[in-house]
There are 2 protein chains.
Amino acid sequence: MHPPTVEDVARAAGVSRQTVSNVLNAPQRVRPETRQRVEAAIEQLGYRPNRVAQSLRAATSRMIGYRIEPMHPHALGSMHDRLLHALAEAGRAADHHLLLFTADDPLDEVANADALHRAGAIDGVVLYGIQSADPRPAGLRQLRIPFAAFGRTGADDAHPWVDIDNTAGTAAAVDHLVTREHRRIAFLGYPEGVAVGDRRADGWRTALDKHGLLDGSRHLDLRGEDSLATGARLAEALLDHHTPPTAVVAATDTLAAGVLRTVRQRHARLAVVGFDDTPTAGALDLSSVRQPIEAVGHAMIRALLGPGGNEPAGQLLAPELIVRASSALP
Amino acid sequence: MHPPTVEDVARAAGVSRQTVSNVLNAPQRVRPETRQRVEAAIEQLGYRPNRVAQSLRAATSRMIGYRIEPMHPHALGSMHDRLLHALAEAGRAADHHLLLFTADDPLDEVANADALHRAGAIDGVVLYGIQSADPRPAGLRQLRIPFAAFGRTGADDAHPWVDIDNTAGTAAAVDHLVTREHRRIAFLGYPEGVAVGDRRADGWRTALDKHGLLDGSRHLDLRGEDSLATGARLAEALLDHHTPPTAVVAATDTLAAGVLRTVRQRHARLAVVGFDDTPTAGALDLSSVRQPIEAVGHAMIRALLGPGGNEPAGQLLAPELIVRASSALP
DNA sequence: TTGTAGGCGTTATCAC
DNA sequence: GTGATAACGCCTACAA
């Protein structure tokens, strides 16, 4: 009734346990004839190696911890879902699985990861939503828990991380809008001090400067919390300006959606480009900078498990601008 | 350097391994004096029982499998996130964790769950997104893999399930709108044949009938795919009717958001109630029927792990109407 | 090429 | 009340 073990397979194939183990882990060491007999027995009994026993023996769980957060109340649909799927998919290829755990805050996350790690339940951890002054990297490093982070802190990160090139993303948005003959291009972003937000603002500023348009647009830089209401409100402010912009680069789709709301209400003309390419962007026909989350997932898993064992190297991935109707000519 | 084991604790406390084990698993069997000494050693060494060894010994992984799907392309932000968090939280209380895996389709999901189960990596599975004729329950039952399902198939389900009372949800929406003096109340839903959609339509129909309003509204029943565009289009159709409704009950927030778009574009007056209470509902000031996902998570874990071992009992949970500005007087 | 022995960390059983 | 023994299923030496 219980699942078959190596023992059962061995008996069925008329060999010893070890030979079965060899067939699985060092096939070249076993005579083809014997191997086929063993393989037939494995097939017939439906044998699968017990991962728990493997883990105990190898002192390796092949599990990666991930803190699942309650959904961000304002976000239109975070990257969470996509990242989780990408990580699970990438992990599968490396024969690892994700183990979900909860935590009240970043410090609690480190504590819970430590407990799981010491209990042998996870080999390492993947960090999401890295903040400028994030306590988690230092905490995990001190506890010697392998990890990889999606995103960077403000400082130079001396641990494995993967990030998308936020600066390049907003720069691409600006380039695109310039091609479409826009000359006054605003930016809507996070309050200063949020690393991601600052990088996205940088891309906008740098690209405008490159096109010689910064002087005419420098004042069109508005910040606020990441919500639809804020996007709508800031858009009003932009449109009420005496030299209003003809286009806006928003730091998130949520802000961009707010802009679109105002634009429609006021029947204004204002091109918009968002960031993240959330499902909503498609629904609203919103041009948006898409993060290559699948690639991020693979890079994270590689950084965590890869050769050299969790080396402190960073990797920057290029986002891609998805052009839709919202970024038309002025 | 390696984490301490019972052996280490035993040595430190001057007792045998067994006594340490007893302190942890049968404290009453050990003399208080000895217990305190052992507990001190545990504390001092920072000992944590190795879960892998426990699993091997107990033939129980304390892991629950969950298939992570790529995000639904049209959804505004699915229940996925919330459910995952709720399950993780509920699992934690029962000392279980979620293990994420991927699959190409429902059959593949069953196959992968089977592989993990046979490998001893998971004790059971939680099913999400149950369809009318879902092959998973039968498949898992045949493989004797414990599971609990969120949602019901069309037939009477002979397995553990948890569902929210969809019928009661839309009925509550209708009641609310009637209280607000609406008399012609439309329904926007999934195409017939989708179990969830049919139940939500039922609630609308039944409640209207109860209020004696069904005859005047029977024709105001429109169906389509779950997308913003569909919601907007169907709203146009409703408003163009020669006796247009003054209110709409939508089967999802996505459809409801589409309705709101049309309403705003046409400056029409039309009360709207959505379903799911997604983050977007809050942003749009949309009244919506909220699913008690946290309770669902707990009920699922209980159904899966509870006493009696995965008994085929169902549980229906009541949703709650969240009233916001979109359901004002006509 | 194949088999034998031992141990990963835990706990249940059964003596003492 | 405490401790020795054995077993969960696997794998890695080492011996034959």
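Order of the sequence lines sets the chain letters (A, B, ...), proteins ahead of strands, with each chain counted from 1. All values below were derived from every heavy atom in this structure, side-chain atoms included, with hydrogens, water molecules and symmetry-related copies excluded.
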Problem - Atom-to-atom span, CD of E7(B) to P of dG3(D) - whole angstrom - result: 12 Å
Completion exercise
Note: for N22(B) and A53(B) on DNA chain C, the residue whose nearest nucleotide lies more 5' is A53(B)
Practice task
Compare side-chain N and O positions of T19(A) against OP1 and OP2 of dG3(C) and report whether any pair is under 4.0 Å apart.
Solution key: yes
Exercise for the section: Verify the contact: side-chain N or O of T34(A) to OP1 or OP2 of dT1(C), cut-off strictly under 4.0 Å; return yes or no. Expected result: no
Handout entry: Spacing of L98(A) atom CG and I64(A) atom CD1 [to the nearest 0.5 Å]
Key = 6.0 Å
Handout entry: Phosphate OP1/OP2 of dT11(C): any N25(B) side-chain N/O under 4.0 Å
Key = yes
Exercise for the section: Grab the CZ-P distance between R29(A) and dC14(D) for me, whole Å please. Expected result: 12 Å
Fill in the blank from the handout: Whole-Å distance, R11(B) CZ to dT2(D) C1', equals 18 Å
Completion exercise
Out of dT13(C), dT2(C), dC10(D), minimum distance to the side chain of Q18(B) belongs to dT13(C)
Practice task
Name the nucleic acid region contacted by V15(A), choosing base, sugar-phosphate or nothing; use a 4.0 angstrom heavy-atom cut-off, strictly under.
Solution key: sugar-phosphate
Problem - Parallel, tilted or perpendicular: rings of H80(A) and Y66(A) (30°, 60°) - result: perpendicular
Handout entry: Other residues, nucleotides, ligands: >12 heavy atoms within 6.0 Å of R141(B) CZ
Key = yes
Handout entry: Any donor-acceptor pair under 3.5 Å from R37(B) side chain to A13(B) backbone
Key = yes
Fill in the blank from the handout: Rounded to whole Å, CG of L56(B) lies from C1' of dG7(C) at a distance of 12 Å
Exercise for the section: For Q54(A) and dC11(D), give me the distance from atom CD to atom P, rounded to whole Å. Expected result: 5 Å
Exercise for the section: Please confirm whether any donor atom in the side chain of R57(B) sits under 3.5 Å from an acceptor in the base of dC8(D), or the reverse. Expected result: no
Handout entry: Nearest-Å distance for atom pair CD/P, residues Q28(A) and dT1(C)
Key = 10 Å
Exercise for the section: Provide, to the nearest angstrom, the distance between the CG atom belonging to L24(B) and the C1' atom belonging to dG9(C). Expected result: 13 Å
Problem - Residue whose nearest DNA chain D nucleotide is more 5′ - S21(A) or R17(B) - result: R17(B)
Exercise for the section: Given salt bridge (Lys or Arg N to Asp or Glu O under 4.0 Å), test R152(A) with D157(A) step by step and report yes or no. Expected result: CA-CA 7 Å; R152(A) 285 167 287 170; D157(A) 288 338; 5.9 Å; no
Practice task
Measure the distance from OH on Y47(A) to C1' on dC11(D) and round it to the nearest whole Å.
Solution key: 10 Å
Practice task
For dG3(C), take OP1 and OP2 only and decide whether either is under 4.0 Å from a side-chain N or O of S16(A).
Solution key: yes
